[in-house]
Every structure is written in C-alpha cells, then in structure tokens.
Amino acid sequence: MSAQLPLIDSFGRLHNNLRISVTDRCNIRCFYCMPAEDVQFMDKSELLTFEEIERFVRVAVPMGIDKLRLTGGEPLVRRELNTLVAKLASIPGVKDIGLTTNGIMLAQQAQGLYDAGLRRINVSLDALTPEKFKKFTRRDGFEQVIEGIRAAQRAGFDPVKINAVSVRGMTEDEIVPFGHFARETGVEVRFIEYMPLDADNAWERGKVLFAHEIIETLSSSIMPLRPIEEESASGHGGPATEFEFDDGVGRIGFIASVSQPFCMSCNRIRITADGKLRNCLFSMEETDVRSLLRGQAPDDQIANAIRSSVAAKKEGHEINTARFIQPERPMYSIGG
Ligand code: SAM
Ligand code: SF4
C-alpha cells in the first residue's frame, strides 16, 4: 500500500488530525477523568521518546496528517516539551500544532512554547471561582490557571480557548460568569459535554448538562447567541459549533459529543503516551505502534499500521444506546 494515499476510512471520512499524548501523569485530579487516589501511572520506559514521536509523525504526514495536538495527562509535566514542539514544527507538511493543558504550569512555559512554534492553546478550566475549581479538580490551582491564560495571551497565542466540561449540578452557576469572561477577555469559552471516560465509572447521561441548555441560559441572561458561519469562524473549530453574542462581542463554542454526536465528520486519530494508536476515543481496540518503532520496523510497516487502524474505524460511538461499553482506559490514559 502506498504511504502517500490519503487516510480515508470505510465511511469516507478523511483523516488529517493526530492527537499525541505525551504523558498520562497529571498534577490535578479532575473527577471526570482521573481517580482521586492511587493512580497507576505508566513507567517512564513505556513512554514514547520525543524521537519516537517525531518519527511516527514523519511517517504520518505524507499520508495526509497535517494537524497535530499535544495532550495527556498533563502535557506540561513532561520535561522540555518545547523541544518536542520544535521537532514537530520543523517537519515539512505540518501545518498546525496545538496544545491542550490544564494551565497550572503554563505561566512558566507559554513563551518557550510559542518560540518553539506552538500557536494554539486550549486551557481546561471548568469554573471561575477557586472553590468550584477545587470541586472539579480535587486540587488548588485556580489562580495559576488564570495567570497561565494571561501569560499565553501575552506570549502571542491567538486565539486562546477555554475548555469547560459541562456537568449537571455543577456547571449551571458557571455559565453566565463564563459568558462575561468570554466577552471581557477575548478568550473563546467552549463547553464540552461530560463524556463516559471517567476513571471512577460514575458517568450517567443524567449528569450531562447539554449544550442547548447552556445556549438558552446565555441567551436569556446576557443576550442572544448567533451561530458563526463557517467562513468567518476560525476554521479550527473541529467538532465545536461556534457562536457569538448578538453584538459580536464574545465567542462561545460547544462540543456536544453526547447530545449531538459528530462522529460522521470525525477526522482524528490518536496515539497514547505508551505508543498505542487509537482510531476513536471510545474504541475498544488499539494498535501497538511502539513495538514497531522500537523493533526497527521500516516506515512502510508503520504506515500500514496507521492505514489499517483507520480502515477499521467504526461508524461512531454508541453512548446513547444500551450497547455502549465504556473503554478500559480513562481519558487521562488515552489523551483527550
Ligand atoms: N490535562 C490536559 C487538560 O486537562 O487540558 C490535557 C488532557 S485532558 C484529558 C483533555 C481534555 O479532555 C480536557 O479539556 C478535559 O477537560 C477533557 N476531558 C477529560 N475527561 C473528560 C470527560 N469525561 N468528558 C469530557 N471531557 C473530558
Ligand atoms: Fe489532568 Fe486533564 Fe484529566 Fe484534569 S482532564 S485530570 S487536568 S488529564
């Protein structure tokens, strides 16, 4: 099989987007992702080295992968992440590198990451008070995250986006403050419906606060939201649907994975920190790429592994059916 053919699956979806998890470790313990205590982290020897990640990306790019996002665990706890960014930014054909971070260590690293070639940052922040922040994350750190967001803006990242997981019984009081925050700071706030990927297996559909409910609250409490047309949207929304307030000030996005699954437009593959290729967040199978990378496999063999994984991609997740089975790996171990 040619390594140059685009990555199209059996449902006609073209894949150009690779999410790379660089660690499963994290400095906080969000309840929707990690267990509270006794987390079993991967051994350091299991993690792909920066050189292994770079080689994998060099094989994937001629197959049409041109958008990368670094994630984890918390990617900023991996030492010298800026050197990985620089390696990836130097690969011809890579058009876009993003990072998703909890922001705790961002103030110290924002400028170095920008200088290395990173251009887009999503900071995860579920609440706008320290007390509520702690309820989500089981740790302190709210002020550090706010400082991280400011540092990212100062370093030149544009746009900076916030990811807020929307959880019934917790997020309701945050909606209007986030609406004002988006209007005052220019940061786009994106609400992500809580998905069944928590280590505690406590997810229930009834615990998801749906996108349409948030739209109603913002529209009645601040002012109506209007959808941003594709041409004027950033083009980087991915699965997010983007809105702005009627006066054009303040952007709000929604990733409605539960209430409005977007599987039919999914263009993503993922590699875990221990080198397992996954064609879906919810997939039950993965392909061991690390053993190929460490076993001197030629590029063709790695390319074939990527192609086979994409070919085997299922039509979509089945969260809304009785058939749904939660994957064994929670979010922090897959790489969100
Ligand atoms: N530690 C980084 C962070 O939190 O931004 C990167 C990894 S985290 C797994 C990536 C994203 O997944 C975050 O925005 C987080 O809020 C989101 N996430 C984690 N668990 C989730 C869940 N069960 N449902 C929806 N989003 C989730
Ligand atoms: Fe850590 Fe991110 Fe998971 Fe929160 S969502 S526990 S910050 S990996």
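Ligands are counted one by one from 1 in listed order, and the atoms in each one are counted from 1 as well. Counting from 1, the numbers follow the sequence of the chain as shown.
Among protein heavy atoms, atom 1 (Fe) of ligand 2 sits closest to C26 SG, 2.3 Å. The single protein non-hydrogen atom nearest to atom 24 (N) of ligand 1 is M195 N, 2.8 Å, given as residue, atom name and distance. Of all protein heavy atoms, the one closest to atom 18 (N) of ligand 1 is M331 CE, 3.7 Å. The shortest contact between atom 8 (S) of ligand 1 and any protein heavy atom is with G72 O, 4.3 Å. The nearest heavy-atom contact from the protein to atom 26 (N) of ligand 1 is V165 CG2, 3.6 Å. Residue, atom and distance of the protein heavy atom nearest to atom 11 (C) of ligand 1 are T100 CG2, 4.2 Å. Ranking the protein heavy atoms by distance from atom 3 (Fe) of ligand 2 puts C33 SG, 2.4 Å first.
Heavy atoms of S124 come nearer than 4.0 angstrom to ligand 2 in no pair at all. The closest approach between a heavy atom of Y332 and any atom of ligand 1 is not below 4.0 Å. Taking 4.0 Å as the cut-off, C26 does not count as a neighbour of ligand 1 on heavy-atom distance. The closest approach between M331 and ligand 2 stays at or above 4.0 Å for every heavy atom of the residue.
If you check the side chains of T101 and E74, you find a donor sitting under 3.5 Å from an acceptor. Side chain to side chain, N102 and N27 meet the donor-acceptor criterion of an N or O pair below 3.5 Å. Looking only at atom types and distance, the side chain of D200 has no donor-acceptor partner in the side chain of Y32 under 3.5 Å away. For the residue pair E193 and S259, a side-chain donor N or O sits within less than 3.5 Å of a side-chain acceptor on the partner.
Each of the atoms 6 (S) of ligand 2 lies under 4.0 Å from some heavy atom of M34. Taking every non-hydrogen atom of I28 and a distance limit under 4.0 Å, the qualifying atoms of ligand 2 come out as 6 (S), 7 (S). Close approach to N102 involves these atoms of ligand 1, each under 4.0 Å from a residue heavy atom: 2 (C), 3 (C), 5 (O). Each of the following atoms of ligand 1 lies closer than 4.0 Å to a heavy atom of E193: 25 (C). Set against the non-hydrogen atoms of Y32, the atoms of ligand 1 under 4.0 Å away are 16 (O), 18 (N), 19 (C), 20 (N), 21 (C), 22 (C), 23 (N). Under a 4.0 Å criterion applied to the non-hydrogen atoms of N163, ligand 1 contributes the atoms 14 (O). The contact set between ligand 1 and Y194, taken as ligand atoms under 4.0 Å from a residue heavy atom, comprises 23 (N), 24 (N). Close approach of ligand 1 to T71 (heavy-atom distance below 4.0 Å) involves ligand atoms 6 (C), 7 (C).
Each of L68, V22, L81 was compared with L99 under the side chain to side chain contact (heavy atoms under 4.5 Å, CB included) criterion, and only L81 meets it. Residue H15 forms a side chain to side chain donor-acceptor pair (under 3.5 Å) with just one option from R268, R307, K313, and that option is K313. Considering R119, R120, R69 as possible partners of D96, the one that fulfils the side chain to side chain donor-acceptor pair (under 3.5 Å) test is R120.
Of the heavy atoms in T101, only backbone atoms (N, CA, C, O) come closer than 4.0 Å to ligand 1. Here C30 has heavy atoms under 4.0 Å from ligand 2 in both its backbone and its side chain.
Note: F282 CZ to Q326 CD = 8.0 Å, rounded to the nearest 0.5 Å.
Classified by interplanar angle (parallel below 30°, tilted 30° to 60°, perpendicular above 60°), the ring pair F191/F254 is parallel. Under the 30°/60° scheme for interplanar angles, the aromatic rings of H212 and F210 are found to lie parallel.
Compare G335, G336, G73, S124 by their heavy atoms: the one nearest to atom 6 (C) of ligand 1 is in G73.
Looking only at side-chain heavy atoms (C-beta outward), S124 and T100 come within less than 4.5 Å of each other. The closest side-chain heavy-atom distance from I214 to L209 is below 4.5 Å.
In plain terms, the two heavy atoms of R25 and F41 that are nearest each other are CA-CE2, 3.4 Å.
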